[in-house]
**Student:** 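One structure follows; several queries about it will come next.
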2 protein chains.
Amino acid sequence: MGDDTRERVKRVATEIGFRPNALAKGLLSNRSFTIGLLTNDTYGRFTLPVMAGITEALVDHGVSVFLCTIEDDPALGKVHVDAMLDKSVDGIIASGKRIDRRLPVDLSNLPVPVVYAFTEGTPGSVTFCADDFQGATLAVEWLMGLGRRRIAHITGPESFVSVRERAKAYLSLVGDQLPVLYGTWSEAWGHEAVAKIWNTSGPKPDAIFCGNDQIARAVVDALRERDVRVPRDVSVVGFDNWEIVAAQTRPPLTTVDMNLKALGREAGLTVLALTEGRAVEPGIRTLPCELVVRQSCGGNPDH
Amino acid sequence: MGDDTRERVKRVATEIGFRPNALAKGLLSNRSFTIGLLTNDTYGRFTLPVMAGITEALVDHGVSVFLCTIEDDPALGKVHVDAMLDKSVDGIIASGKRIDRRLPVDLSNLPVPVVYAFTEGTPGSVTFCADDFQGATLAVEWLMGLGRRRIAHITGPESFVSVRERAKAYLSLVGDQLPVLYGTWSEAWGHEAVAKIWNTSGPKPDAIFCGNDQIARAVVDALRERDVRVPRDVSVVGFDNWEIVAAQTRPPLTTVDMNLKALGREAGLTVLALTEGRAVEPGIRTLPCELVVRQSCGGNPDH
DNA sequence: CTGAAAGCGCTTACAG
DNA sequence: CTGAAAGCGCTTACAG
């Protein structure tokens with residue numbers, strides 16, 4: 001084949017928009033350049049940022065991702081996993097809403113690598129999650145740095161590992177001058193907890209570290225309704241940096257961000273590494289959180 | 001091949017978990033049994049329910065879906081569309097946040113069928129969206145059925161078609177005794193609008209139809225802060241039935257649901273029909289909304 | 001260095 | 001009715 005023929009072929013190829021068939025390629029290489037993302041987080045509050053990170057990391061490698069939201073029905077879950085395996089996905093990322101619960105599907109003996117994010121993995125697997133202890137430390141230290149001395153903690157159900165981790169960090173910094181208030185992940189609980197504290201005689205907190213943004217939002221609302229000023233009288237910190245809640249609160253919430261996108265990026269690159277046969281250390285990988293400062297704490301001291 | 005040999009082969013096949021290779025199948029049939037879902041809705045507020053509907057409709061047909069959230073960067077959008085085409089998707093569903101804006105990618109001359117949902121399609125394409133006029137009619141008629149006579153309308157930016165459609169329905173039922181209050185899709189605007197109305201002398205509304213749930217939530221909050229009781233003094237209706245907002249409002253919002261999951265199901269079946277070469281009528285398909293009754297309107301008359 | 005052949009895992013059409 | 005061959009669109013290994 002002459003050099004100019006070669007040139008002409010190439011030119012015509014791009015002219016007619018020639019696109020190598022990835023299916024045929026995959027048949028040879030035994031790689032489909034697709035992965036599956038499984039989740040039981042129907043709201044997408046965790047999954048969508050994680051997914052954005054995965055996509056961002058993998059698009060450069062030509063990998064596309066199947067998303068599949070499974071309810072709590074194991075049968076349906078199996079159908080979806082099978083559909084992914086039929087498509088010869090190169091790997092699967094299982095994601096959820098909490099690190100101490102499994103998805104309602106068995107992923108233990110799959111012919112492809114599985115990586116876990118925000119859900120409990122099988123022994124010997126790789127699992128990614130946020131560092132709850134470090135995130136909570138960030139929040140409480142921030143409050144202390146602002147000169148707050150009576151810091152309360154209103155949080156979710158004690159049955160969540162992340163709740164216990166955050167409470168542990170809180171207690172290790174603040175001590176047990178005030179009881180940790182465990183409840184539910186709802187605004188209703190935030191209102192109730194504030195009522196509980198303010199209806200009791202004795203000194204009031206000058207800061208409240210909340211287990212998530214929904215509770216924090218309710219706490220801010222409840223305080224306003226009692227004419228307690230935020231942040232002047234009480235500083236409030238949330239957890240999650242869920243924009244839609246944190247940014248709409250009046251005043252907007254200072255809150256802990258779990259860097260879910262970065263977590264997704266890591267998970268994506270890890271499943272890719274496993275696909276390519278590279279060695280990956282198993283275990284739980286904890287990624288650092290960061291504090292997003294808005295207006296619910298006041299003062300912006302050097303940090 | 002003898003009958004018993006055939007049986008043995010089949011038995012062994014299931015025993016070793018034989019799984020026909022979909023890639024090889026696709027090479028023959030020219031179908032990959034995958035479709036792509038493109039969206040610019042990073043929150044997933046519209047896309048996730050739509051996606052749930054698509055998945056539900058297509059899983060029975062063995063079709064899996066690639067999800068891809070594209071930002072406003074056309075170059076990145078093209079990369080993602082190309083990645084989907086490389087994977088030989090059987091079709092693409094483009095979805096967005098509003099019916100009068102295009103996604104930042106050109107989908108007009110693709111080798112696969114494209115169906116639009118909640119985003120502007122190319123001429124001659126099939127587009128699915130909710131019936132804003134009918135949904136708004138449902139809301140206002142509900143308020144009128146409860147005996148409300150001074151119904152205000154606080155809504156989003158007039159530049160949105162859906163805002164204009166909803167306002168049109170409102171005006172056609174209520175007349176122009178009160179001006180439509182156009183603003184932004186934020187809680188801040190809900191507060192501002194209530195202040196605007198209540199700081200003006202003259203009779204106050206006994207009901208407020210809001211353009212979305214965020215505005216409705218803020219309206220309810222703002223009324224409470226003015227000691228106006230919801231629903232006793234004023235009934236409030238939202239739009240979207242965004243659980244996380246509607247259910248957490250005090251009292252929980254009666255609101256219009258756009259049936260996004262059903263919309264997704266339709267879109268999925270339609271792209272499948274196009275893939276299989278079945279004829280599909282082009283144009284805009286409008287799906288009916290329904291009213292979800294909670295507590296922000298009071299009374300539960302026969303309906 | 002160039003070009004033809006073999007083969008990935010299926011299905012379809014054809015010969016026996 | 002059964003069984004072998006051809007071919008989908010690629011890549012890899014081999015022969016010239």
Side-chain angles (χ1 to χ4, degrees), chain A residues 1-36 58-66 79-92 109-113 272 274-278, chain B residues 1-36 58-66 79-92 109-113 272 274-278:
Chain A
M1 198 193 299
D3 268 10
D4 49 344
T5 318
R6 162 166 278 122
E7 261 321 300
R8 254 182 51 222
V9 168
K10 282 193 174 170
R11 207 182 52 237
V12 172
T14 57
E15 259 177 43
I16 61 169
F18 172 75
R19 193 181 286 287
N21 184 324
L23 269 60
K25 231 185 227 160
L27 202 51
L28 266 294
S29 62
N30 234 331
R31 283 199 52 189
S32 63
F33 292 91
T34 64
I35 67 155
L58 296 189
V59 70
D60 295 334
H61 299 268
V63 175
S64 302
V65 8
F66 290 115
V79 167
H80 281 120
V81 171
D82 281 346
M84 287 183 174
L85 293 177
D86 279 342
K87 264 87 187 188
S88 309
V89 289
D90 295 333
I92 288 179
N109 277 103
L110 261 39
V112 296
L272 192 68
L274 288 166
T275 294
E276 294 171 352
R278 282 180 272 146
Chain B
M1 199 194 298
D3 267 10
D4 48 343
T5 320
R6 162 166 280 121
E7 260 322 300
R8 254 182 52 222
V9 169
K10 281 193 176 169
R11 206 180 52 236
V12 172
T14 57
E15 259 176 45
I16 61 169
F18 173 75
R19 194 181 284 289
N21 184 323
L23 269 59
K25 230 185 230 162
L27 202 51
L28 266 292
S29 63
N30 235 330
R31 282 200 54 189
S32 62
F33 293 89
T34 64
I35 68 153
L58 298 189
V59 71
D60 295 333
H61 300 268
V63 175
S64 302
V65 7
F66 290 116
V79 167
H80 280 120
V81 172
D82 281 346
M84 286 182 174
L85 294 177
D86 279 343
K87 264 87 187 188
S88 309
V89 289
D90 296 333
I92 288 180
N109 278 103
L110 261 39
V112 297
L272 192 68
L274 288 166
T275 293
E276 294 171 351
R278 281 180 274 147

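Residue numbering restarts at 1 for every chain, and letters A, B, ... go by the order of the sequence lines.
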**Student:** Based on Watson-Crick and G-U pairs with both distances under 3.5 Å, what dot-bracket line describes DNA chain D 5' to 3', crossing pairs as [ ] and inter-strand pairs as |?
**Tutor:** |||.||||||||.|||
**Student:** I want to check something: taking the side chain as every heavy atom from C-beta on, are B:Val63 and B:Thr275 in contact at a cut-off of under 4.5 Å?
**Tutor:** no
**Student:** Closest to the B:Asn21 side chain: D:dT11, C:dC8, C:dC10?
**Tutor:** C:dC10
**Student:** Tell me every residue that passes side-chain hydrogen bond (donor to acceptor under 3.5 Å, both in side chains) with A:Asn21, counting only those two or more places apart in sequence or in another chain.
**Tutor:** none
**Student:** Who pairs with B:Phe66 by ring pair (Phe, Tyr, Trp, His ring centres under 6.0 Å), at least two apart in sequence or on another chain?
**Tutor:** A:Phe66
**Student:** Taking B:Ser32 for the side chain and B:Ser88 for the main chain, is one N or O donor matched with an acceptor at less than 3.5 Å?
**Tutor:** yes
**Student:** Which part of the nucleic acid, if any, lies within contact of B:Arg19, taking any heavy atom under 4.0 Å across all strands shown: a base, the sugar-phosphate backbone alone, or nothing?
**Tutor:** sugar-phosphate
**Student:** Could you tell me whether a side-chain N or O of B:Asp90 sits under 3.5 Å from a main-chain N or O of B:Phe33, the two making a donor and an acceptor?
**Tutor:** yes
**Student:** Using atom CZ of B:Arg31 as one end and atom P of C:dG9 as the other, report the distance to the nearest whole Å.
**Tutor:** 23 Å
**Student:** I want to verify a distance call: between C:dC8, C:dC10, D:dC8, whose nearest atom is closest to the A:Leu28 side chain?
**Tutor:** C:dC8
**Student:** Without decimals, in angstroms, what is the distance between B:Asp86 CG and D:dG9 C1'?
**Tutor:** 14 Å
**Student:** Nearest whole Å is fine: how far is D:dC10 C1' from A:Leu23 CG?
**Tutor:** 11 Å
**Student:** What's the NZ-P distance between B:Lys25 and C:dT12, to the nearest Å?
**Tutor:** 10 Å
**Student:** Taking it one step at a time, do B:Asp82 and A:Arg19 satisfy salt bridge (charged side-chain N to carboxylate O under 4.0 Å, His left out)?
**Tutor:** CA-CA 9 Å; B:Asp82 281 346; A:Arg19 193 181 286 287; 3.4 Å; yes
**Student:** B:Leu27 CG to D:dA6 P: how many Å, rounded?
**Tutor:** 18 Å
**Student:** Calculate the interatomic distance between A:Asn30 atom CG and D:dG9 atom P; express it in whole Å.
**Tutor:** 20 Å
